[in-house]
Amino acid sequence: MLLENLAIGRQVEIYVNRDGYCYHLTSKVEETGAKRVYITLIATNTRVFEFKPEDKVRIVYRDKDQIWEWDNVKAGTAKKYGTRMHYFDIADGGRSFNRRNAYRVNIDEEVMLGYYDQYGTTAKSADMQKFKMQDEASAPPAIMVPNFVKGVVRDISETGVGICSNYEFGIDDAMFFSISSNYGKLPAKAKVVRKVETNPSKHKYSNYYGCVLLQTDNKLSRHIADIQREAIKAKKQKEEEEELDKALGRLERSLLISKNFMQRKGAANRIKGIRTVSGEDSINNTVKKPRPRVEGIVTAEDEVLRKDVKKQPRQKVEGIITAEDEALRKDVKKPTRPKIEGIVTAEDEALRKDIKKQQPHTDVEGIITAGLK
(Lines give C-alpha, C1' and ligand atoms only; values in the text may rest on other atoms or scores of the structure.)
Protein backbone atom coordinates (compact mmCIF):
# COMPACT_ATOMS: atom_id res chain seq x y z
CA MET A 1 0.00 0.00 0.00
CA LEU A 2 1.33 3.48 -0.88
CA LEU A 3 1.90 5.82 2.03
CA GLU A 4 0.14 8.59 0.09
CA ASN A 5 -3.07 6.58 0.44
CA LEU A 6 -3.09 6.73 4.24
CA ALA A 7 -6.08 8.82 5.32
CA ILE A 8 -5.35 11.96 7.34
CA GLY A 9 -6.67 11.63 10.89
CA ARG A 10 -6.81 7.82 10.74
CA GLN A 11 -5.33 5.97 13.72
CA VAL A 12 -2.05 4.09 13.46
CA GLU A 13 -0.62 1.59 15.96
CA ILE A 14 3.08 1.57 16.79
CA TYR A 15 4.88 -1.46 18.29
CA VAL A 16 8.33 -0.83 19.77
CA ASN A 17 10.68 -3.59 20.95
CA ARG A 18 13.23 -2.24 23.43
CA ASP A 19 15.36 -3.83 26.16
CA GLY A 20 13.30 -7.00 26.36
CA TYR A 21 9.94 -5.22 26.35
CA CYS A 22 7.36 -4.53 23.67
CA TYR A 23 5.53 -1.19 23.81
CA HIS A 24 2.22 -0.56 22.05
CA LEU A 25 1.49 3.07 21.19
CA THR A 26 -1.27 4.77 19.19
CA SER A 27 -1.45 8.03 17.28
CA LYS A 28 -3.09 9.66 14.23
CA VAL A 29 -1.88 10.36 10.71
CA GLU A 30 -1.02 14.05 10.17
CA GLU A 31 0.67 14.02 6.75
CA THR A 32 1.99 11.45 4.29
CA GLY A 33 4.67 11.35 1.61
CA ALA A 34 6.29 8.83 -0.71
CA LYS A 35 8.70 7.54 1.95
CA ARG A 36 7.64 9.26 5.18
CA VAL A 37 4.50 9.51 7.29
CA TYR A 38 3.96 12.10 10.03
CA ILE A 39 1.81 11.35 13.11
CA THR A 40 0.59 13.32 16.11
CA LEU A 41 3.30 13.62 18.75
CA ILE A 42 3.18 10.73 21.24
CA ALA A 43 3.37 12.32 24.66
CA THR A 44 1.94 11.89 28.16
CA ASN A 45 1.66 14.82 30.56
CA THR A 46 4.06 16.83 28.39
CA ARG A 47 6.51 13.92 28.44
CA VAL A 48 7.40 12.99 24.85
CA PHE A 49 8.14 9.40 23.92
CA GLU A 50 11.68 9.26 22.62
CA PHE A 51 12.60 6.62 20.02
CA LYS A 52 16.09 5.14 20.21
CA PRO A 53 18.27 4.09 17.27
CA GLU A 54 18.32 0.46 18.50
CA ASP A 55 14.53 0.26 18.74
CA LYS A 56 12.73 -2.16 16.43
CA VAL A 57 9.64 -0.33 15.30
CA ARG A 58 6.58 -1.69 13.50
CA ILE A 59 3.49 0.32 12.51
CA VAL A 60 -0.01 -0.99 11.69
CA TYR A 61 -2.68 0.88 9.74
CA ARG A 62 -6.31 -0.18 9.31
CA ASP A 63 -8.11 0.59 6.06
CA LYS A 64 -11.72 -0.58 6.44
CA ASP A 65 -11.50 -4.39 6.59
CA GLN A 66 -7.89 -4.44 5.44
CA ILE A 67 -4.91 -4.03 7.75
CA TRP A 68 -1.42 -3.09 6.56
CA GLU A 69 1.86 -3.52 8.36
CA TRP A 70 5.36 -2.05 7.92
CA ASP A 71 8.39 -3.56 9.69
CA ASN A 72 11.77 -2.11 10.64
CA VAL A 73 10.85 1.54 10.18
CA LYS A 74 13.01 4.40 11.40
CA ALA A 75 11.37 6.83 13.80
CA GLY A 76 12.16 10.34 15.02
CA THR A 77 10.72 13.77 15.77
CA ALA A 78 10.55 16.87 13.58
CA LYS A 79 8.65 20.13 13.28
CA LYS A 80 5.99 20.37 10.62
CA TYR A 81 4.09 23.61 10.07
CA GLY A 82 5.51 24.83 13.38
CA THR A 83 4.25 21.79 15.29
CA ARG A 84 6.38 19.03 16.68
CA MET A 85 5.46 15.60 15.30
CA HIS A 86 6.75 12.05 15.20
CA TYR A 87 7.61 10.64 11.80
CA PHE A 88 8.44 7.22 10.34
CA ASP A 89 10.65 6.61 7.34
CA ILE A 90 9.41 3.60 5.38
CA ALA A 91 11.39 1.92 2.60
CA ASP A 92 8.86 -0.64 1.29
CA GLY A 93 5.19 -0.87 0.39
CA GLY A 94 4.26 -2.89 3.47
CA ARG A 95 2.23 -6.06 3.56
CA SER A 96 -1.30 -7.07 4.28
CA PHE A 97 -1.81 -8.02 7.91
CA ASN A 98 -4.66 -9.84 9.64
CA ARG A 99 -5.00 -9.22 13.35
CA ARG A 100 -6.68 -12.59 13.71
CA ASN A 101 -3.41 -14.22 12.69
CA ALA A 102 -2.09 -13.27 16.12
CA TYR A 103 -2.55 -16.59 17.88
CA ARG A 104 -4.68 -16.25 21.00
CA VAL A 105 -4.27 -18.79 23.80
CA ASN A 106 -6.49 -19.46 26.78
CA ILE A 107 -4.71 -19.40 30.13
CA ASP A 108 -7.49 -18.57 32.67
CA GLU A 109 -4.96 -17.30 35.20
CA GLU A 110 -6.07 -15.29 38.21
CA VAL A 111 -4.05 -12.10 38.62
CA MET A 112 -4.04 -8.86 40.57
CA LEU A 113 -4.86 -5.92 38.31
CA GLY A 114 -3.03 -2.74 39.30
CA TYR A 115 -3.85 0.82 38.26
CA TYR A 116 -3.15 4.43 39.20
CA ASP A 117 -5.85 7.03 39.64
CA GLN A 118 -5.20 9.95 37.34
CA TYR A 119 -4.99 12.95 39.65
CA GLY A 120 -8.01 15.19 39.24
CA THR A 121 -9.86 12.76 36.89
CA THR A 122 -11.72 9.46 37.05
CA ALA A 123 -9.39 7.82 34.52
CA LYS A 124 -7.20 4.86 35.40
CA SER A 125 -3.60 4.61 34.23
CA ALA A 126 -0.96 1.90 34.07
CA ASP A 127 1.72 4.49 34.90
CA MET A 128 2.22 6.88 37.75
CA GLN A 129 1.61 10.52 36.88
CA LYS A 130 4.68 12.70 36.43
CA PHE A 131 4.73 16.26 37.71
CA LYS A 132 7.08 19.06 36.83
CA MET A 133 8.76 21.06 39.49
CA GLN A 134 6.60 24.10 38.75
CA ASP A 135 3.49 21.94 39.21
CA GLU A 136 4.37 20.79 42.70
CA ALA A 137 1.79 23.09 44.19
CA SER A 138 -0.97 21.23 42.35
CA ALA A 139 0.49 17.76 42.92
CA PRO A 140 -1.09 15.41 45.46
CA PRO A 141 0.35 15.79 48.97
CA ALA A 142 1.24 12.07 49.29
CA ILE A 143 3.14 9.75 47.02
CA MET A 144 0.77 8.01 44.60
CA VAL A 145 0.43 4.29 45.19
CA PRO A 146 -1.30 1.83 42.87
CA ASN A 147 -4.62 0.19 43.60
CA PHE A 148 -5.15 -3.55 43.09
CA VAL A 149 -8.27 -5.52 42.28
CA LYS A 150 -8.85 -9.20 41.53
CA GLY A 151 -9.22 -10.39 37.97
CA VAL A 152 -8.44 -13.24 35.62
CA VAL A 153 -6.58 -13.24 32.33
CA ARG A 154 -8.90 -15.31 30.16
CA ASP A 155 -6.85 -15.28 26.95
CA ILE A 156 -3.85 -13.48 25.52
CA SER A 157 -1.99 -12.92 22.24
CA GLU A 158 1.00 -10.86 21.25
CA THR A 159 -1.23 -7.83 20.66
CA GLY A 160 -4.25 -8.22 22.93
CA VAL A 161 -5.62 -9.74 26.11
CA GLY A 162 -9.04 -10.66 27.48
CA ILE A 163 -9.54 -9.79 31.17
CA CYS A 164 -12.45 -10.53 33.51
CA SER A 165 -13.08 -8.59 36.71
CA ASN A 166 -15.87 -7.34 38.97
CA TYR A 167 -14.21 -3.92 39.07
CA GLU A 168 -15.69 -1.27 36.79
CA PHE A 169 -13.09 -0.09 34.28
CA GLY A 170 -14.00 2.38 31.56
CA ILE A 171 -13.00 2.54 27.92
CA ASP A 172 -9.39 3.77 27.57
CA ASP A 173 -8.62 2.91 31.20
CA ALA A 174 -5.27 1.17 31.60
CA MET A 175 -3.96 -1.44 34.05
CA PHE A 176 -0.89 -3.55 34.67
CA PHE A 177 -0.44 -7.18 35.75
CA SER A 178 1.94 -10.15 35.50
CA ILE A 179 1.33 -13.67 34.21
CA SER A 180 3.22 -16.86 35.06
CA SER A 181 5.40 -18.66 32.53
CA ASN A 182 8.36 -21.01 32.24
CA TYR A 183 10.44 -17.85 31.92
CA GLY A 184 9.25 -16.37 35.19
CA LYS A 185 6.72 -13.61 35.76
CA LEU A 186 5.95 -11.66 32.58
CA PRO A 187 4.78 -8.07 33.26
CA ALA A 188 2.28 -6.42 30.93
CA LYS A 189 0.28 -3.22 30.58
CA ALA A 190 -3.08 -3.10 28.79
CA LYS A 191 -5.75 -0.56 27.81
CA VAL A 192 -9.49 -1.27 27.66
CA VAL A 193 -11.00 -0.95 24.18
CA ARG A 194 -14.13 -3.09 24.63
CA LYS A 195 -16.36 -3.94 27.57
CA VAL A 196 -18.96 -6.72 27.83
CA GLU A 197 -21.19 -7.37 30.84
CA THR A 198 -21.60 -11.06 31.72
CA ASN A 199 -24.29 -12.97 33.60
CA PRO A 200 -23.20 -13.08 37.28
CA SER A 201 -25.24 -16.27 37.84
CA LYS A 202 -23.10 -18.11 35.26
CA HIS A 203 -19.76 -16.36 35.62
CA LYS A 204 -17.53 -15.56 38.58
CA TYR A 205 -16.82 -12.08 37.23
CA SER A 206 -19.44 -9.64 35.96
CA ASN A 207 -17.34 -7.83 33.32
CA TYR A 208 -15.21 -8.91 30.39
CA TYR A 209 -12.69 -6.41 29.02
CA GLY A 210 -11.10 -6.66 25.59
CA CYS A 211 -7.75 -4.88 25.84
CA VAL A 212 -4.81 -4.01 23.65
CA LEU A 213 -1.39 -4.60 25.13
CA LEU A 214 0.52 -1.37 25.75
CA GLN A 215 3.65 -3.03 27.02
CA THR A 216 4.75 -6.65 27.32
CA ASP A 217 7.85 -8.66 28.00
CA ASN A 218 9.51 -9.93 24.81
CA LYS A 219 9.39 -13.44 26.30
CA LEU A 220 5.60 -13.29 26.00
CA SER A 221 5.80 -14.32 22.33
CA ARG A 222 7.88 -17.38 23.30
CA HIS A 223 5.46 -18.20 26.11
CA ILE A 224 2.51 -17.99 23.70
CA ALA A 225 4.41 -20.14 21.18
CA ASP A 226 5.03 -22.76 23.89
CA ILE A 227 1.34 -22.83 24.80
CA GLN A 228 0.46 -23.03 21.12
CA ARG A 229 2.76 -26.02 20.60
CA GLU A 230 1.30 -27.76 23.64
CA ALA A 231 -2.22 -27.03 22.41
CA ILE A 232 -1.42 -28.40 18.94
CA LYS A 233 0.24 -31.46 20.51
CA ALA A 234 -2.74 -32.05 22.79
CA LYS A 235 -5.14 -31.61 19.87
CA LYS A 236 -3.17 -34.06 17.75
CA GLN A 237 -3.03 -36.56 20.62
CA LYS A 238 -6.76 -36.17 21.14
CA GLU A 239 -7.40 -36.77 17.44
CA GLU A 240 -5.19 -39.87 17.55
CA GLU A 241 -7.03 -41.12 20.65
CA GLU A 242 -10.37 -40.51 18.95
CA GLU A 243 -9.17 -42.44 15.88
CA LEU A 244 -7.98 -45.27 18.16
CA ASP A 245 -11.31 -45.26 20.00
CA LYS A 246 -13.13 -45.46 16.68
CA ALA A 247 -10.91 -48.36 15.57
CA LEU A 248 -11.46 -50.15 18.89
CA GLY A 249 -15.18 -49.50 18.59
CA ARG A 250 -15.23 -51.03 15.13
CA LEU A 251 -13.24 -54.02 16.44
CA GLU A 252 -15.57 -54.46 19.41
CA ARG A 253 -18.60 -54.35 17.15
CA SER A 254 -16.98 -56.89 14.85
CA LEU A 255 -16.18 -59.18 17.81
CA LEU A 256 -19.71 -58.76 19.14
CA ILE A 257 -21.16 -59.68 15.76
CA SER A 258 -18.84 -62.71 15.60
CA LYS A 259 -19.80 -63.70 19.14
CA ASN A 260 -23.50 -63.45 18.36
CA PHE A 261 -22.92 -65.42 15.18
CA MET A 262 -21.04 -68.14 17.09
CA GLN A 263 -23.76 -68.23 19.72
CA ARG A 264 -26.34 -68.71 17.01
CA LYS A 265 -24.17 -71.45 15.54
CA GLY A 266 -23.91 -73.03 18.99
CA ALA A 267 -27.67 -73.02 19.24
CA ALA A 268 -27.77 -74.58 15.80
CA ASN A 269 -25.55 -77.43 17.06
CA ARG A 270 -28.36 -78.43 19.38
CA ILE A 271 -30.78 -78.84 16.49
CA LYS A 272 -31.26 -82.51 15.64
CA GLY A 273 -30.23 -83.45 12.18
CA ILE A 274 -27.65 -80.59 11.73
CA ARG A 275 -23.92 -80.85 12.38
CA THR A 276 -21.61 -77.78 12.30
CA VAL A 277 -17.89 -77.64 11.50
CA SER A 278 -17.13 -76.84 15.14
CA GLY A 279 -19.30 -79.76 16.17
CA GLU A 280 -17.44 -82.02 13.75
CA ASP A 281 -14.10 -80.95 15.26
CA SER A 282 -15.40 -81.61 18.74
CA ILE A 283 -16.50 -85.10 17.73
CA ASN A 284 -13.10 -85.86 16.17
CA ASN A 285 -11.15 -84.55 19.21
CA THR A 286 -13.17 -86.30 21.91
CA VAL A 287 -13.54 -89.99 22.72
CA LYS A 288 -16.49 -91.37 20.86
CA LYS A 289 -19.23 -92.67 23.05
CA PRO A 290 -22.41 -94.37 21.93
CA ARG A 291 -25.13 -91.85 21.51
CA PRO A 292 -28.55 -92.71 22.86
CA ARG A 293 -30.78 -93.79 20.04
CA VAL A 294 -33.80 -91.79 19.18
CA GLU A 295 -36.75 -94.03 18.58
CA GLY A 296 -37.57 -94.05 14.93
CA ILE A 297 -34.39 -92.12 13.88
CA VAL A 298 -31.04 -93.69 13.01
CA THR A 299 -28.15 -91.26 12.58
CA ALA A 300 -24.98 -91.80 10.57
CA GLU A 301 -22.97 -92.01 13.78
CA ASP A 302 -25.32 -94.64 15.16
CA GLU A 303 -24.83 -96.63 11.95
CA VAL A 304 -21.03 -96.53 12.36
CA LEU A 305 -21.24 -97.52 16.01
CA ARG A 306 -23.64 -100.33 15.20
CA LYS A 307 -21.12 -101.84 12.76
CA ASP A 308 -18.25 -101.48 15.25
CA VAL A 309 -19.88 -103.16 18.23
CA LYS A 310 -19.98 -106.93 18.58
CA LYS A 311 -23.06 -108.46 17.08
CA GLN A 312 -25.22 -110.46 19.48
CA PRO A 313 -28.07 -112.83 18.61
CA ARG A 314 -31.33 -111.10 18.57
CA GLN A 315 -34.11 -112.58 20.61
CA LYS A 316 -36.92 -114.20 18.74
CA VAL A 317 -40.13 -112.38 18.56
CA GLU A 318 -43.10 -114.69 18.94
CA GLY A 319 -45.02 -114.97 15.77
CA ILE A 320 -42.15 -113.68 13.59
CA ILE A 321 -39.46 -115.90 12.02
CA THR A 322 -36.40 -114.08 10.86
CA ALA A 323 -33.83 -115.19 8.26
CA GLU A 324 -31.35 -115.76 11.09
CA ASP A 325 -33.83 -118.00 12.90
CA GLU A 326 -34.35 -119.99 9.66
CA ALA A 327 -30.61 -120.59 9.32
CA LEU A 328 -30.33 -121.75 12.90
CA ARG A 329 -33.27 -124.06 12.41
CA LYS A 330 -31.61 -125.81 9.47
CA ASP A 331 -28.34 -126.31 11.44
CA VAL A 332 -29.85 -128.07 14.43
CA LYS A 333 -30.82 -131.74 14.42
CA LYS A 334 -34.35 -132.29 13.42
CA PRO A 335 -36.26 -134.06 16.22
CA THR A 336 -39.05 -136.53 15.51
CA ARG A 337 -42.22 -134.70 15.30
CA PRO A 338 -44.92 -136.06 17.50
CA LYS A 339 -47.84 -137.59 15.75
CA ILE A 340 -51.01 -135.78 15.76
CA GLU A 341 -53.99 -137.98 16.40
CA GLY A 342 -56.33 -138.07 13.52
CA ILE A 343 -53.69 -137.05 11.00
CA VAL A 344 -51.47 -139.55 9.15
CA THR A 345 -48.37 -138.10 7.62
CA ALA A 346 -46.20 -139.49 4.80
CA GLU A 347 -43.48 -140.24 7.32
CA ASP A 348 -45.83 -142.18 9.51
CA GLU A 349 -46.92 -144.15 6.45
CA ALA A 350 -43.34 -145.09 5.63
CA LEU A 351 -42.62 -146.14 9.17
CA ARG A 352 -45.74 -148.17 9.21
CA LYS A 353 -44.73 -150.14 6.09
CA ASP A 354 -41.19 -150.81 7.31
CA ILE A 355 -41.99 -152.27 10.64
CA LYS A 356 -42.75 -155.91 10.95
CA LYS A 357 -46.33 -156.58 10.99
CA GLN A 358 -47.10 -158.07 14.29
CA GLN A 359 -50.21 -159.44 15.71
CA PRO A 360 -53.42 -158.56 14.17
CA HIS A 361 -55.07 -155.43 15.44
CA THR A 362 -57.45 -155.86 18.23
CA ASP A 363 -60.83 -155.38 16.94
CA VAL A 364 -62.60 -152.52 18.50
CA GLU A 365 -66.13 -152.55 18.05
CA GLY A 366 -67.07 -149.70 15.83
CA ILE A 367 -63.61 -147.88 15.94
CA ILE A 368 -60.24 -148.92 14.55
CA THR A 369 -57.45 -146.62 15.81
CA ALA A 370 -54.05 -146.10 14.20
CA GLY A 371 -51.13 -147.92 15.83
CA LEU A 372 -53.27 -150.30 17.95
CA LYS A 373 -52.66 -153.97 17.55
Side-chain angles (χ1 to χ4, degrees), residues 13-26 56-60 62 65-69 71 95-115 126 148-167 169 171-199 202-243:
E13 300 176 52
I14 304 99
Y15 295 88
V16 183
N17 284 284
R18 174 191 297 176
D19 298 331
Y21 289 91
C22 179
Y23 300 90
H24 179 207
L25 311 171
T26 59
K56 292 183 178 180
V57 182
R58 175 171 63 97
I59 64 173
V60 176
R62 184 189 298 273
D65 295 332
Q66 190 69 41
I67 299 176
W68 292 86
E69 177 186 54
D71 287 324
R95 64 185 178 89
S96 179
F97 171 77
N98 188 348
R99 191 185 301 273
R100 294 181 180 178
N101 290 338
Y103 192 83
R104 186 176 293 267
V105 296
N106 294 324
I107 58 176
D108 290 324
E109 180 179 347
E110 291 191 353
V111 297
M112 296 301 295
L113 302 172
Y115 64 90
F148 290 94
V149 295
K150 290 183 178 180
V152 60
V153 176
R154 180 64 53 81
D155 49 61
I156 192 169
S157 69
E158 292 186 29
T159 58
V161 61
I163 296 175
C164 295
S165 178
N166 289 327
Y167 186 77
F169 287 101
I171 302 299
D172 291 333
D173 280 347
M175 67 201 72
F176 60 91
F177 55 89
S178 296
I179 61 174
S180 303
S181 75
N182 294 331
Y183 311 99
K185 288 288 186 179
L186 302 180
K189 296 179 182 179
K191 183 178 71 172
V192 177
V193 294
R194 183 168 61 94
K195 178 180 177 180
V196 178
E197 294 183 359
T198 58
N199 189 341
K202 297 181 179 179
H203 301 276
K204 182 178 180 180
Y205 297 99
S206 58
N207 297 308
Y208 174 85
Y209 300 100
C211 307
V212 295
L213 288 170
L214 301 177
Q215 178 182 338
T216 60
D217 192 299
N218 279 345
K219 299 184 184 69
L220 177 63
S221 58
R222 283 188 282 171
H223 177 54
I224 293 174
D226 291 343
I227 298 176
Q228 182 180 6
R229 281 193 296 269
E230 290 298 325
I232 294 173
K233 182 179 178 181
K235 181 180 179 181
K236 184 177 180 180
Q237 183 177 357
K238 182 179 179 181
E239 291 175 352
E240 291 176 351
E241 290 176 353
E242 290 176 351
E243 288 296 326

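Computed from a predicted model, the values in this text were never measured in an experiment. Keep in mind that the numbers below use all heavy atoms, side chains included, and drop hydrogens, waters and symmetry copies.
- More than 12 heavy atoms of other residues, nucleotides or ligands shown are found within 6.0 angstrom of CD on Glu239.
- Within a 6.0 Å radius of NZ in Lys219, no more than 12 heavy atoms belonging to other residues, nucleotides or ligands are found.
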### Task
Test Leu113 against Tyr167 for side-chain contact (heavy atoms from CB on, under 4.5 Å), laying out the working first.
CA-CA 10 Å; Leu113 302 172; Tyr167 186 77; over 6 Å; no
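- Between Tyr209 and Phe169, the closest heavy-atom pair is OH-N, 2.9 Å.
- Of the N and O atoms on the side chains of Lys150 and Ser165, not one donor lies less than 3.5 Å from an acceptor on the other residue.
- Note: His24 and Tyr15 have parallel aromatic rings, judged against thresholds of 30 and 60 degrees for the angle between ring planes.
- In this structure, Leu213 CG and Glu158 CD are separated by 9.5 Å, a value rounded to the nearest 0.5 Å.
- Ion pairing between a basic and an acidic side chain is recognised when a charged N comes within 4.0 Å of a carboxylate O; Asp108 and Arg154 show such pairing.
- Panel note: side chain Asp71, backbone Arg58; no donor-acceptor pair is recorded below 3.5 Å.
- Between the NZ atom in Lys195 and the CD1 atom in Ile163 there is a gap of 13.5 Å [rounded to 0.5 Å].
- Counted within 6.0 Å of OH on Tyr21, heavy atoms from surrounding residues, nucleotides or ligands total 12 or fewer; the atom is thus considered open.
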### Task
Could you walk me through whether Lys189 and Tyr23 pass the side-chain contact (heavy atoms from CB on, under 4.5 Å) test, one step at a time?
CA-CA 9 Å; Lys189 296 179 182 179; Tyr23 300 90; over 6 Å; no
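- Considering every non-hydrogen atom in both Val105 and Gln228, the closest pair reads CG1-N, 4.3 Å.
- Atoms CG and CG, on Asp19 and Asp217 in that order, are 11.5 Å from each other to the nearest 0.5 Å.
- Side-chain polar atoms of Tyr183 and Asp226 form a donor-acceptor pair below 3.5 angstrom.
- Using a 4.5 Å heavy-atom threshold, the side chains of Phe177 and Val153 count as touching.
- When all heavy atoms are compared, the tightest approach of Cys211 to Met175 is SG-CE, 4.5 Å.
- Looking at every heavy atom in both residues, Cys164 comes nearest to Tyr205 through CB-CB, 3.9 Å.
- The distance from atom NE2 of His223 to atom OG1 of Thr216, rounded to the nearest 0.5 Å, is 12.0 Å.
- Here the CD-CD1 distance, from Glu109 to Ile156, works out to 9.0 Å after rounding to the nearest 0.5 Å.
- Across every non-hydrogen atom of Asp155 and Asn106, the tightest pair is CB-OD1, 3.4 Å.
- Separating the CG atom in Asn17 from the CG atom in Asn218 is a distance of 4.5 Å, to the nearest 0.5 Å.
- Pairing each heavy atom of Phe148 with each of Met112, the nearest pair is CB-CE, 3.9 Å.
- Residues Ser180 and Lys185 form a side-chain contact, since some pair of their non-hydrogen atoms from C-beta on lies under 4.5 Å apart.
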